[in-house]
Amino acid sequence: QVQLVESGGGLVQAGGSLRLSCAASGRTFSRYAMGWFRQAPGKERKFVAIISASGGTTSYADSVKGRFTISRDNAKNTVDLQMNSLKPEDTAVYYCAAGDYTSVAQGYDAWGQGTQVTVSS
């Protein structure tokens, strides 16, 4: 099973940018679709973005469409989330996950530990 470690979170002002990265261990990374989810305090975990195993197909939550870009490098076993034009409502712990090509959290087999993103107004 793949193991995931996120990095790149931090504190940024509204309108700024951050790039999250997720590093995967194991030889099966390229078999999985990869997703990013986020969870704000007191709220449920929500879908942000997903990329297919080959990298050829992506999908985004409406709330981030046009601002966030997901990408992957199967040679390096990494998946990134470029976040631009950040808003205070983007504040959350961000998780990467490996699994099926779905926006439903239950479709994922492996999760990272999460990285905090805080956007100040």
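Note that these values count all heavy atoms, side chains included, but never hydrogens, waters or copies made by symmetry.
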Determine, stepwise, if the pair Met34 / Leu4 fulfils side chain to side chain contact (heavy atoms under 4.5 Å, CB included). CA-CA 10 Å; Met34 296 297 297; Leu4 306 171; 3.9 Å; yes

Decide side chain to side chain contact (heavy atoms under 4.5 Å, CB included) for Met83 and Val119; before the verdict, give the C-alpha distance in whole Å, the side-chain angles of both, and the deciding distance to 0.1 Å. CA-CA 11 Å; Met83 306 186 294; Val119 184; over 6 Å; no

Is there a side chain to side chain contact (heavy atoms under 4.5 Å, CB included) between Ile51 and Thr57? Walk through the geometry before answering. CA-CA 6 Å; Ile51 188 166; Thr57 305; over 6 Å; no

Side chain to side chain contact (heavy atoms under 4.5 Å, CB included) assessment of Thr58 paired with Ile50: CA-CA 6 Å; Thr58 58; Ile50 187 172; over 6 Å; no

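Pairing each heavy atom of Leu18 with each of Gly8, the nearest pair is CD2-O, 3.9 Å. Between Phe29 and Asn74, the shortest heavy-atom contact is CE2-OD1, 3.2 Å. Nearest heavy-atom pair across Ser121 and Ala14 is CA-CB, 4.4 Å.
Listed by chain and number, the residues in a side-chain hydrogen bond (donor to acceptor under 3.5 Å, both in side chains) with Asp80 are Arg19, Ser21 (sequence neighbours excluded). Partners of Ser17 according to the side-chain hydrogen bond (donor to acceptor under 3.5 Å, both in side chains) rule, which considers only residues two or more places apart in sequence or in another chain, are Asn84.
With a 4.5 Å cut-off on side-chain heavy atoms, Val79 and Ile70 count as touching.
The 12-atom threshold is exceeded at CD of Glu89, counting heavy atoms of other residues, nucleotides or ligands nearer than 6.0 Å. In the displayed structure, Glu44 atom CD is contacted under 6.0 Å by at most 12 heavy atoms of other residues, nucleotides or ligands.
No donor-acceptor distance shorter than 3.5 angstrom exists from the side chain of Thr91 to the backbone of Thr118, with no hydrogens or angles considered.
A side-chain hydrogen bond (donor to acceptor under 3.5 Å, both in side chains) check over residues 23-37, counting only residues at least two apart or in different chains, returns nothing. Sorted by first and then second residue, the ring-ring contact (aromatic ring centres under 6.0 Å, His included) pairs with a member in residues 76-108 read Phe37-Tyr108, Tyr108-Trp111; sequence neighbours excluded. Legend: salt bridge (charged side-chain N to carboxylate O under 4.0 Å, His left out) pairs involving residues 53-76, not counting sequence neighbours, sorted by first then second residue: Asp62-Lys65, Arg67-Asp90. Residue pairs meeting the salt bridge (charged side-chain N to carboxylate O under 4.0 Å, His left out) criterion with at least one member in residues 98-110, sequence neighbours excluded, do not occur.
Here CD of Gln116 is found 12.0 Å from CD of Glu6. Values are rounded to the nearest 0.5 Å. Between Arg38 atom CZ and Leu81 atom CG the span is 9.5 Å, to the nearest 0.5 Å. Atom OG in Ser103 sits 14.5 Å away from atom OH in Tyr60 (nearest 0.5 Å).
There is a path of hydrophobic side-chain contacts, each under 4.5 Å, that joins Leu86 to Val64.
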